[in-house]
Amino acid sequence: MFELYVNGKQYKVDADEKTPLLWVIREHIGLTGTKFGCGKGICGTCSVLLEGNPIRSCITPVSSAHKKRITTIEGIPSSHPIKRAWIELEVPQCGYCQPGQIVEAYALLKRNPRASTEEIVSVMSSHLCRCGTYGRILKAVQRAQKLMGVKS
Ligand code: FES
Ligand code: FES
């Protein structure tokens, strides 16, 4: 039995220790915003925060999240500048990769609200978007910085 703290709520989950955290979040807990893409830790669409740090939940066993804090796309408030900027700039196309992108961008601005263009591009380029929304993603992160009042 594993104990997880997801978006501020406690869950007790009965699963094999090697079960990927992604499946526990989606199937056991029922939060389906986090998506399955490659299953190999490459595309980033399954990203969630573990103790505030982005991880690829498709290759993270549930055992490593025992008694830890997890934040999923559902745990980021819609009033947060990052989500507001995403909506304002209509970033998503098909939308499939976007939960992972938003979670990564949210963590980046928590870590470094004043992240430079180079840093934003470098961090976000670890996520694949087959619709090619990279340009809008960069603009949305920079828009969020303005909404947060850290850049003019
Ligand atoms: S589904 Fe996890 S990195 Fe692609
Ligand atoms: S918006 Fe379609 S894969 Fe990124």
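Atoms within each ligand, like the ligands themselves, are counted from 1 in listed order.
Contact atoms of ligand 2 toward Gln93: 1 (S) (distance under 4.0 Å to a heavy atom of the residue). Listed by number with element, the atoms of ligand 1 under 4.0 Å from a non-hydrogen atom of Cys38 are 1 (S), 3 (S), 4 (Fe). Close contacts between ligand 2 and Gln98 involve ligand atoms 1 (S), 4 (Fe) [criterion: under 4.0 Å to a heavy atom]. Proximity to Gly44 (heavy-atom distance under 4.0 Å) selects the following atoms of ligand 1: 3 (S), 4 (Fe). Each of the atoms 1 (S), 3 (S), 4 (Fe) of ligand 1 lies under 4.0 Å from some heavy atom of Cys43. With ligand atoms numbered from 1 in the order given, ligand 1 contributes 3 (S) to contacts under 4.0 Å with heavy atoms of Gly41. Every atom of ligand 1 is numbered from 1 in the order shown, and the set under 4.0 Å from a heavy atom of Arg56 is 3 (S).
Using a 4.0 Å cut-off between heavy atoms, Ile42 contacts ligand 1 through its backbone alone, with no side-chain atom that close. At a heavy-atom cutoff of 4.0 Å, ligand 2 is contacted by no atom of Gln101, backbone or side chain.
At least one N/O/S atom of Cys46, from backbone or side chain, sits under 2.8 Å from atom 2 (Fe) of ligand 1. When distances to atom 4 (Fe) of ligand 2 are checked against a cut-off of 2.8 Å, Cys97 contributes an N, O or S atom below that limit. Backbone or side-chain N, O or S atoms of Cys129 do not reach atom 2 (Fe) of ligand 2 at under 2.8 Å. Here Cys58 meets the criterion, with an N, O or S atom under 2.8 Å of atom 2 (Fe) of ligand 1.
Distance check, rounded to the nearest 0.5 Å: CD of Glu17 to OG of Ser64 gives 10.5 Å. Once rounded to the nearest 0.5 Å, the distance linking CZ of Phe2 with NE2 of His66 reads 7.0 Å.
Among all protein heavy atoms, the one lying closest to atom 3 (S) of ligand 2 is Arg130 N, 3.4 Å.
A donor-acceptor pair under 3.5 Å is absent between the side-chain atoms of Ser57 and the main chain of Leu21, judged by distance alone. Glu74 contributes a side-chain N or O that, together with a main-chain N or O of Gly33, makes up a donor-acceptor pair within less than 3.5 Å. Put simply, the side chain of Lys83 gets close to the backbone of Ile73: a donor and an acceptor are under 3.5 Å apart.
For the residue pair Gln101 / Thr133, no side-chain donor-acceptor distance below 3.5 Å is found, with atom types taken as modelled. There is a side-chain donor-acceptor pair under 3.5 Å between Ser126 and Arg56.
Note on Leu138: it does not cluster hydrophobically with Leu147, by side-chain heavy-atom contacts below 4.5 Å among ILVMFWY residues.
Of the listed options Gly37, Gly95, Gly132, Gly95 places a heavy atom closest to atom 1 (S) of ligand 2.
Evaluated for a side chain to side chain contact (heavy atoms under 4.5 Å, CB included) with Leu4, the options Leu50, Ile25, Val13 yield exactly one hit, Val13.
Ring centroids of Tyr106 and His80 are separated by less than 6.0 Å, placing the two rings close together.
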